[in-house]
Asker: 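Encoded as structure tokens, here's the structure I'll be asking about.
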Amino acid sequence: MAWRGYFVKWTKTECINSVSTVSRGSRFTLHPQQRCGFRKEARKPETWKRDRGIPEETGPPPSEAADAVVSRKAVPPKTGPPPPGAAPRRTGKLFKPFMFTIGFTGCSFGAAAILQYESLKSRVKTARDEAEQEKSEKASQDMTYWHNWWNQLTDFQKQVILLMSFVDDFWSSLTEGQQMATGIIAVNAVVLCCWRIPSMQRSMVKYFTANPASKTRCLPMLLSTFSHYSIIHMAANMYVLWTFSSSIVSLLGKEQFLAVYLSAGVISTMVSYVCKTSTGRLHPSLGASGAIMTVLAAVCTKMPEAKLGIILLPMVSFTAGNALKAIVAMDAAGLIMGWRLFDHAAHLGGALFGVWYVAYGHKLMWRKREPLVKAWHSMRSQAPGGRGRPGGSGSDGGRPGPV
């Protein structure tokens with residue numbers, strides 16, 4: 001039993017030594033191909049196919065295969081003209097805003113010409129009606145009738161009538177330019193209040209801020225002209241508009257001023273789009289500064305010797321021409337140096353449009369509106385409710401002369 005135990009022990013020891021030797025040898029004698037990723041061994045030719053007369057499949061020589069791989073990798077990409085739909089991205093972004101600017105400007109001046117025609121026609125009719133009504137009242141009624149009518153009203157009705165009379169007197173005391181500015185200020189105030197409503201923030205950013213990187217680029221060119229997020233920003237712009245409103249309306253008239261103001265907002269935004277796209281600074285902007293710069297530039301160009309001052313420094317005065325030069329120089333420096341406090345490109349675009357319109361645009365655009373007015377008069381005269389002959393001066397269908 002002792003010998004048997006010694007034999008078993010010796011057998012286990014030899015087996016363990018042999019296993020460790022084999023494992024140690026196999027660990028250090030790995031084939032290089034296996035250490036490089038365990039590549040499969042090259043396939044041996046099948047001798048049984050050759051014995052049975054079956055032809056073996058042969059591939060291209062290694063050199064030809066390598067040349068094919070190299071040639072396949074070295075094939076240059078096909079170069080040719082881009083497809084018709086693959087226009088440059090920047091040009092595609094600015095094409096629609098550019099067409100919108102041209103179309104909106106033309107429609108604004110056309111609508112202003114028709115509006116002036118209807119306004120003059122309405123004034124003539126109103127003056128005739130008032131004269132006839134005054135004659136009839138003098139003949140049929142006296143002050144006793146109105147005294148009795150006033151005594152029959154309640155106190156609340158009397159207060160409402162007095163308030164309406166006060167508002168009417170205040171409105172009548174304003175000049176035409178101040179009346180136009182009041183309407184624009186009211187619209188800007190409503191938009192400013194909309195910015196304070198949390199549920200409208202997304203719509204306000206989409207439609208009331210101008211950004212060439214946005215999907216909606218055309219409509220914000222107009223709506224951003226009436227949009228201010230800061231009360232100080234709005235107050236400063238509206239003060240300048242109120243200051244120059246009487247002068248600009250006396251020069252152009254209400255209808256022409258409205259067309260110039262709206263077109264200036266769109267044109268200044270278009271100039272801002274071009275500068276932002278060319279420089280890559282695609283950030284949103286809003287405000288009426290571009291349109292107001294057009295008003296300021298038009299007045300300063302038409303009356304360069306007029307004296308201007310600063311509200312906080314009444315002792316300082318300067319001419320309108322020098323003020324315009326200083327503002328244009330400051331905006332040009334801001335555009336070149338990349339200042340981001342204001343949209344200097346929109347300011348420059350508005351100022352240049354104002355100078356151009358006073359010098360050349362009024363003759364090219366507004367004075368050539370007569371064919372449009374004649375066509376509109378013909379349409380109104382041929383309508384079922386229209387009176388008067390085309391080009392004639394009927395009792396109510398005569399075309400007012402150009403202003």
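Because the structure is predicted, anything quoted here is derived from the model rather than measured. We're numbering straight along the sequence, starting at 1. The analysis underlying the following values was restricted to heavy atoms, covering all of them including side chains, and did not include hydrogens, waters or symmetry mates.
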Asker: For S122, is there any backbone N or O sitting under 3.5 Å from a side-chain donor or acceptor partner on T126?
Answerer: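 Side chain of T126 to backbone of S122: a pair is present.
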Asker: Between A291 and G265, what is the shortest heavy-atom contact and its length?
Answerer: CB-N, 3.9 Å
Asker: So Q116 and W366, side-chain contact (heavy atoms from CB on, under 4.5 Å) or not? Walk me through it.
Answerer: CA-CA 12 Å; Q116 186 187 56; W366 189 251; 3.8 Å; yes
Asker: Give me the atom names and distance for the closest heavy-atom approach of A112 to A259.
Answerer: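 What the structure gives for the nearest pair is CB-CB, 3.7 Å.
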Asker: Give a yes or no on whether the backbone of T101 and the side-chain of T105 come within a donor-acceptor separation of less than 3.5 Å.
Answerer: yes
Asker: Going by atom types alone, do T182 and W242 pair a side-chain donor with an acceptor below 3.5 Å?
Answerer: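 Side-chain D/A pair, T182 to W242: absent.
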Asker: Taking side chain as C-beta onward, heavy atoms only, is S173 less than 4.5 Å from D169?
Answerer: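 Not in contact.
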Asker: Any chance the rings of F109 and Y357 have centres within less than 6.0 Å?
Answerer: yes
Asker: Donor-acceptor check, side chain of Q256 to backbone of G253, threshold 3.5 angstrom: yes or no?
Answerer: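 Here the side-chain-to-backbone pair does not exist.
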Asker: Can you find a heavy atom in the side chain of F353 that is under 4.5 Å from one in the side chain of V260?
Answerer: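 A side-chain contact exists here, since the closest heavy-atom pair is under 4.5 Å.
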Asker: How long is the gap from CD on Q179 to OG on S246, to the nearest 0.5 Å?
Answerer: 9.5 Å
Asker: Please say whether more than 12 non-hydrogen atoms of neighbouring residues, nucleotides or ligands are located less than 6.0 Å from CG in N151.
Answerer: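 Counting neighbours around CG of N151, more than 12 heavy atoms of other residues, nucleotides or ligands fall under 6.0 Å, so yes.
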Asker: At what distance, to the nearest 0.5 angstrom, does CE of M303 lie from CD of E305?
Answerer: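 With rounding to 0.5 Å, CE (M303) is 11.5 Å from CD (E305).
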Asker: Taking C-beta and beyond as the side chain, do Y229 and M204 meet within less than 4.5 Å on heavy atoms?
Answerer: no
Asker: Is there a donor-acceptor pair closer than 3.5 Å between any side-chain N or O of H283 and the backbone N or O of R281?
Answerer: yes
Asker: Can you check whether T225 reaches L262 side chain to side chain, under 4.5 Å on heavy atoms?
Answerer: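 No, too far: nothing below the 4.5 Å cut-off.
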Asker: Check for a donor-acceptor pair, side chain of R369 on one end and backbone N or O of G110 on the other, with a separation under 3.5 Å.
Answerer: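 No; judged by distance alone, with no hydrogens or angles, the pair does not exist.
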Asker: Kindly determine whether V358 and H362 satisfy side-chain contact (heavy atoms from CB on, under 4.5 Å), including the steps that lead there.
Answerer: CA-CA 6 Å; V358 170; H362 179 76; over 6 Å; no
Asker: Of all the heavy-atom pairs spanning A345 and C275, show the shortest one and how long it is.
Answerer: CB-SG, 3.6 Å
Asker: Do F104 and I267 have side chains that get closer than 4.5 Å, going by heavy atoms?
Answerer: no
Asker: Do W150 and L153 make a side-chain contact, defined as non-hydrogen atoms from C-beta onward lying under 4.5 Å apart?
Answerer: yes
Asker: Considering only distance and modelled atom types, tabulate donor-acceptor pairs under 3.5 Å from the side chains of residues 317-331, sequence neighbours left out.
Answerer:
residue	atom	partner	partner atom	Å
T319	OG1	N322	N	3.4
T319	OG1	N322	ND2	2.9
D331	OD1	H344	ND1	2.9
D331	OD1	H347	ND1	3.3

Asker: Check whether more than 12 heavy atoms from other residues, nucleotides or ligands sit under 6.0 Å from atom CG of L364, and answer yes or no.
Answerer: yes
Asker: Is there any side-chain hydrogen bond (donor to acceptor under 3.5 Å, both in side chains) pair reaching into residues 199-216, and which pairs are they, with sequence neighbours excluded?
Answerer: none
Asker: State the OG1-CD distance between T243 and Q178, to the nearest 0.5 angstrom.
Answerer: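 Output value for this atom pair is 9.5 Å.
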Asker: Do you see a donor-acceptor pair shorter than 3.5 Å between the side chains of K276 and S285?
Answerer: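 Yes, because at least one side-chain N or O of K276 sits under 3.5 Å from a partner of the opposite role on S285.
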Asker: Determine yes or no for a side-chain-to-main-chain donor-acceptor pair under 3.5 angstrom, with S250 supplying the side chain and S247 the backbone.
Answerer: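 Flag set: sc S250 to bb S247 pair under 3.5 Å.
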Asker: Is the side chain of S119 donor-acceptor paired with the backbone N or O of L115 at a distance under 3.5 Å, no angle test?
Answerer: no
Asker: Of all heavy-atom pairs between L94 and M270, which one has the smallest distance, and what is that distance?
Answerer: O-CE, 3.8 Å
Asker: Among T294, L252, V295, I248, whose side chain to side chain contact (heavy atoms under 4.5 Å, CB included) with Y261 holds?
Answerer: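 Output: one option passes, namely V295.
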Asker: For F98, I'd like to know if atom CZ has over 12 heavy atoms of other residues, nucleotides or ligands within 6.0 Å.
Answerer: no
Asker: Kindly indicate whether the side chain of N188, heavy atoms from C-beta on, has any atom under 4.5 Å from the side chain of M238.
Answerer: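 The answer is yes, as the side chains (C-beta and beyond) meet within the 4.5 Å cut-off.
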Asker: If I take atom NE2 from residue H233 and atom CG from residue N237, how far apart are they, to the nearest 0.5 angstrom?
Answerer: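 Between atom NE2 of H233 and atom CG of N237 there are 4.0 Å.
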Asker: Might you work through the side-chain contact (heavy atoms from CB on, under 4.5 Å) test for Y273 and M221, ending with a clear yes or no?
Answerer: CA-CA 9 Å; Y273 276 4; M221 298 175 71; 3.8 Å; yes
Asker: Kindly determine whether F257 and S245 satisfy side-chain contact (heavy atoms from CB on, under 4.5 Å), including the steps that lead there.
Answerer: CA-CA 9 Å; F257 161 73; S245 59; 5.6 Å; no
Asker: Measuring from atom CG of L258 to atom OG of S263, what distance do you get when rounded to the nearest 0.5 angstrom?
Answerer: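 Result: 9.0 Å between the selected atoms.
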Asker: Would you call F226 and I184 a side-chain contact if the rule is heavy atoms closer than 4.5 Å?
Answerer: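 With C-beta onward as the side chain, the pair touches.
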Asker: Taking the six-membered ring of Y117, is the NZ or CZ of R380 close enough (under 6.0 Å from the centre) and on axis enough (within 45°)?
Answerer: no
Asker: Where is the tightest heavy-atom contact between F208 and L286, given as atom of each residue plus distance?
Answerer: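 The pair with the smallest heavy-atom distance is O-CB, 3.7 Å.
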Asker: Is the number of heavy atoms from other residues, nucleotides or ligands under 6.0 Å of L163 CG greater than 12?
Answerer: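 Enclosed: over 12 neighbouring heavy atoms sit under 6.0 Å from CG of L163.
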Asker: Do you know which two heavy atoms are closest between G349 and V271, and how far apart they sit?
Answerer: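 The pair with the smallest heavy-atom distance is CA-CG2, 4.0 Å.
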Asker: How long is the straight-line distance from CG of L348 back to CG of L335, given to the nearest 0.5 Å?
Answerer: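 L335 CG to L348 CG: 6.0 Å, rounded to 0.5 Å.
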